[in-house]
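So that the names make sense, note that chain A is the first sequence line, chain B the second, and so on, each numbered from 1. None of these values were measured; they are calculated from a predicted model.
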Protein chains: 2
Amino acid sequence: MKGREFKDAMYEGLAKLMRAIANPARLEIIEMLSQGEKSVEGVVEATSLTVANASQHLQVLKNNNIVKSRKEGHYVFYSLINNEFMGLYQHITKYAVSEIAELEKTLNRQRDDNHALNSVSLDELERMINDKNVLLMDVRPSVEYEFGHITGAISVPMSDLLCCLKDFSKDREIIAYCRGPFCVLADEAVKILSENGYKVRRLDEGYPEWKMRHLHESN
Amino acid sequence: MKGREFKDAMYEGLAKLMRAIANPARLEIIEMLSQGEKSVEGVVEATSLTVANASQHLQVLKNNNIVKSRKEGHYVFYSLINNEFMGLYQHITKYAVSEIAELEKTLNRQRDDNHALNSVSLDELERMINDKNVLLMDVRPSVEYEFGHITGAISVPMSDLLCCLKDFSKDREIIAYCRGPFCVLADEAVKILSENGYKVRRLDEGYPEWKMRHLHESN
DNA sequence: CAATTATTCAAGTGATTTATTGAATAAAGG
DNA sequence: CCTTTATTCAATAAATCACTTGAATAATTG
């Protein structure tokens with residue numbers, strides 16, 4: 001193989017992988033699957049995609065070795081192929097949020113609207129983890145909590161939040177977290193809780209970021 | 001801004017960045033610019049692009065905050081906007097080479113053809129760096145060497161290699177490096193040198209990877 | 001075994017991306 | 001000031017991508 005042919009093959013292969021990621025619907029699917037496996041139906045519920053369209057996107061991801069699938073009864077469950085990819089995806093989002101001014105601005109406006117601008121970083125969380133005056137709250141759907149959650153967190157899905165309000169003390173600071181920086185669940189939780197007089201902040205990132213960091217630390 | 005709108009804005013912004021990278025010509029340009037700034041003409045010489053086409057690709061990269069430009073006389077010099085992006089690009093290439101089977105295969109076949117399969121990693125290089133029996137050889141064009149090179153390397157551009165052969169000792173092991181894992185210069189150097197009876201291996205990666213690692217270590 | 005359900009397939013259309021071509025700028029030199 | 005040179009702009013055609021629609025599979029249930 002000549003030098004030019006080799007280069008063309010390598011850059012085309014790399015571009016193919018990038019093309020698989022270069023689509024908003026697929027990025028959202030990737031984020032969904034970072035929380036754990038989901039059926040096509042599960043993906044559809046959480047997005048604004050039609051079934052056929054979601055299936056097509058999932059197949060693109062599968063053909064590019066980003067997700068894998070497993071069949072069970074009627075359902076086909078999709079999940080991210082490995083943690084290496086999750087690390088890459090998180091690097092991409094982190095870069096985008098900190099270096100692309102427009103994205104940073106959109107993110108901050110969203111958090112501002114929900115009184116969630118004063119967020120907590122993972123570093124800070126690690127330092128607070130043994131503080132008994134802090135309550136760590138996972139506001140994702142309970143299936144996702146059950147699939148994996150930050151050590152010490154309690155599960156309070158958004159659907160239960162309003163009716164459970166009285167269970168929490170107003171003296172204890174609440175840290176809410178969800179799927180990651182692009183997920184709005186924690187923002188909504190912060191809005192509701194702070195409007196009801198609770199001391200609350202959101203975690204900058206989400207469960208997948210915590211998980212990746214934990215993987216690295218235990219090596 | 002509603003939750004759905006916010007998500008759409010974030011994922012669309014992320015996808016836009018990914019689209020800018022999801023093209024073989026632009027990936028090659030990014031790799032070129034990792035070696036230092038280049039004019040449009042400079043980019044054209046190193047690729048198979050026409051001038052107008054290269055200019056268009058450079059503008060896509062510029063509009064996505066990946067490269068910046070500076071004007072000097074007739075020329076417009078382009079360079080990567082910061083080291084953050086270089087880190088991301090290297091994460092992408094590293095992931096692709098180790099997780100995408102087809103790319104790994106193409107890379108290994110290329111190295112096999114050039115007797116360069118037995119390559120040296122950056123880790124190994126660090127350990128050998130003080131060994132007087134090892135000669136570290138930068139085979140990129142001399143402009144790129146002058147812009148920055150691995151400490152202790154000598155510059156032997158491919159154009160000079162054949163006529164300089166007699167200057168090197170056959171007892172001393174040679175480590176050749178170039179722009180990175182996708183660059184064929186070091187492979188070609190290994191082929192020539194080993195056919196002439198030298199002990200030679202190539203570095204797995206290239207100058208940009210060494211530079212990124214060095215940045216991190218000095219922090 | 002027929003009906004139901006989750007998913008995939010296939011075809012078609014509109015939108016986006018890419019490379020090419022030739023003309024237009026803009027800076028430098030004679 | 002005219003010519004040369006490097007780069008950019010604008011218009012086009014070909015290729016690819018994304019979403020929709022409706023039908024086809026394949027596993028499960030009554």
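Between A:Glu12 and A:Arg19, at least one side-chain nitrogen of the basic residue sits less than 4.0 Å from a carboxylate oxygen of the acidic one, meeting the salt-bridge criterion. A salt bridge links B:Arg70 and B:Glu37; the closest N-O separation between the charged side-chain nitrogens and carboxylate oxygens is under 4.0 Å. A salt bridge links B:Glu144 and B:Arg179; the closest N-O separation between the charged side-chain nitrogens and carboxylate oxygens is under 4.0 Å.
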Throw together a table of side-chain donor-acceptor distances under 3.5 angstrom for residues 149-162 of chain A, partners on residues two or more places apart or in other chains.
{"unit_1": "A:His149", "atom_1": "ND1", "unit_2": "A:Tyr145", "atom_2": "O", "d": "2.9"}
{"unit_1": "A:His149", "atom_1": "NE2", "unit_2": "A:Tyr145", "atom_2": "OH", "d": "3.4"}

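One interatomic measurement links the two molecules: CG of B:Leu58 to C1' of D:dC9, which rounds to 15 Å at whole-angstrom precision. The separation between B:Glu72 atom CD and D:dT7 atom P is 11 Å, rounded to whole Å. Atom pair A:Tyr78:OH and C:dA6:P shows a separation of 15 Å (rounding to whole Å applied). Between the CD atom of B:Glu12 and the P atom of C:dA15 there is a distance of 16 Å, given to the nearest Å. Atom NZ of B:Lys16 and atom P of D:dA18 are 17 Å apart (whole Å). Atom CD in A:Glu41 sits roughly 5 Å away from atom P in C:dA6 (whole-Å rounding). B:Lys71 has its NZ atom 12 Å from the C1' atom of C:dA28, to the nearest Å. One interatomic measurement links the two molecules: CD of A:Glu28 to P of D:dC19, which rounds to 12 Å at whole-angstrom precision.
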### Task
Classify every nucleotide of nucleotides 17-24 of chain C by which part a protein heavy atom approaches to under 4.0 Å, writing B for the base, S for the sugar-phosphate alone and - for neither, in 5'-to-3' order.
SSSBBB--

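Phosphate proximity of C:dT7 to A:Gln59: absent, as no side-chain N or O sits under 4.0 Å from OP1 or OP2. Considering only side-chain N and O atoms, A:Ser55 lies under 4.0 angstrom from the phosphate OP1 or OP2 of C:dT8.
Nucleic acid contact for A:Val51: base, since at least one base atom lies under 4.0 Å from a heavy atom of the residue. Nucleic acid contact class of A:Val40 (heavy atoms, under 4.0 Å, all strands): sugar-phosphate only.
With no hydrogens or angles considered, a side-chain donor-acceptor pair links B:Tyr177 and B:Asp138 at under 3.5 Å.
Looking at A:His74, its side chain comes within 3.5 Å of the base of D:dA27 through a donor and an acceptor atom.
Scanning for side-chain contact (heavy atoms from CB on, under 4.5 Å) contacts around B:Asn53 gives B:Leu49, B:Thr50, B:Gln56, B:His57, with sequence neighbours left out.
Annotation: side chain of B:Phe77 is not in contact with side chain of B:Lys38 (no heavy-atom distance under 4.5 Å).
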